[in-house]
Amino acid sequence: MGRLSHSPKYRWAVLFASFFSFVAFAFVFQLMPSLLTNVGKDFGVNEAELGLLMSIVMVPGIFLALPVGLLINRYGFRLLGFLSTILVAIGSLTTALADTFASALLGRFILGVGGAFIIVGTPTVIPQWFSREDLGKAIGFFGTNMPVATIIAFPTAAILTENFGWHYPF
């Protein structure tokens with residue numbers, strides 16, 4: 001059995017928490033494609049500006065990936081993971097409450113900052129909690145995060161937008 005840095009007692013809970021935080025980010029990230037037509041009409045913006053709204057989420061990750069990795073090495077992911085999930089929630093709320101295109105961009109940017117921590121940090125937790133023999137199973141489960149979030153986000157966004165408007169899914 002491979003050497004672990006943590007007791008395996010809570011390993012599945014840790015894996016689920018990592019999975020859930022990634023799904024929470026990916027869900028909100030994947031909402032936007034279904035909502036672009038409504039958002040564009042509401043804010044009176046063109047396709048290029050809507051493309052910016054989609055891509056602004058990934059911009060923080062480009063610049064924060066290495067610093068986030070260094071912070072996680074130094075402080076661990078427990079606190080940083082909690083803060084990143086809070087940032088995802090704040091970014092989602094800011095987007096949901098957006099009454100201007102600029103405030104929607106800000107919300108998506110905040111979402112991206114939290115997402116950068118989640119994308120870099122959550123995979124680092126798994127090898128700390130799982131033995132070498134169980135690592136493939138754990139990574140396999142964790143790797144379903146984006147497909148699960150996408151499958152849930154698209155119909156959820158459509159249903160909620162149809163009934164309550166594009167702000168509601170966030």
Inset, instruction - Mind running side-chain contact (heavy atoms from CB on, under 4.5 Å) on D134 and R11 for me, showing each step along the way? - result: CA-CA 10 Å; D134 290 331; R11 65 187 180 169; 2.7 Å; yes
Inset, instruction - Check the pair W129, L15 against side-chain contact (heavy atoms from CB on, under 4.5 Å), reporting the backbone distance first and the verdict last. - result: CA-CA 8 Å; W129 287 85; L15 177 62; over 6 Å; no
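Taking every heavy atom of both residues into account, I118 and S21 meet most closely at CD1-O, 3.6 Å. Residues P147 and G143 come closest through the heavy atom pair CD-O, 3.8 Å. Closest heavy-atom contact between T122 and S18: CG2-O, 3.6 Å. F27 and P169 get closest at one heavy-atom pair: CE2-O, 4.2 Å. Listed here is the closest heavy atom pair of V28 and R108: O-NH1, 3.2 Å. Of all the heavy atoms in A26 and M146, the pair that sits closest is CB-SD, 3.6 Å.
Residue L31 holds its CG atom at 11.0 Å from CG of L36, rounded to the nearest 0.5 Å. Going from atom CG of L80 over to atom OG1 of T85 covers 10.5 Å, rounded to the nearest 0.5 Å. Atoms NZ and CG, on K137 and L135 in that order, are 11.0 Å from each other to the nearest 0.5 Å.
Under a hydrophobic-cluster definition in which Ile, Leu, Val, Met, Phe, Trp and Tyr are linked whenever side-chain heavy atoms come within less than 4.5 Å, directly or via other members, F82 and L93 are assigned to different clusters. No chain of hydrophobic side-chain contacts below 4.5 Å, direct or via other Ile, Leu, Val, Met, Phe, Trp or Tyr residues, connects F109 to L97. Cluster membership for M32 and I159, using ILVMFWY side-chain heavy atoms within less than 4.5 angstrom, is not shared. Residues F19 and I86 share a hydrophobic cluster, clusters being chains of Ile/Leu/Val/Met/Phe/Trp/Tyr side chains in contact below 4.5 Å. A continuous path of Ile, Leu, Val, Met, Phe, Trp and Tyr side chains, each step under 4.5 Å between heavy atoms, connects L111 with M54, placing both in one hydrophobic cluster.
When each of L52, L50, L53 is tested with V45 by the rule side-chain contact (heavy atoms from CB on, under 4.5 Å), just one qualifies, namely L50.
Environment of CZ in F154: crowded, with over 12 heavy atoms of neighbouring residues, nucleotides or ligands closer than 6.0 Å.
Listed by chain and number, the hydrophobic cluster partners of L160 are F164, Y168, where partners are ILVMFWY side chains within reach of under 4.5 Å, directly or through others.
Between W166 and F170, the angle of the ring planes goes over 60°, which puts this pair in the perpendicular group of the 30/60° scheme. Using the six-membered ring where Trp is involved, F22 and F25 have ring planes that are perpendicular, over 60° apart on the 30 and 60° scheme.
Sequence neighbours left out, the pairs with a member in residues 89-106 that pass side chain to side chain donor-acceptor pair (under 3.5 Å) are T100-S103.
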Would you mind writing out the side-chain donor-acceptor pairs for residues 56-72 within the sub-3.5 Å range, not counting sequence neighbours?
none

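Within the 6.0 Å centre-distance limit, the rings of F130 and W12 are counted as a close aromatic pair.
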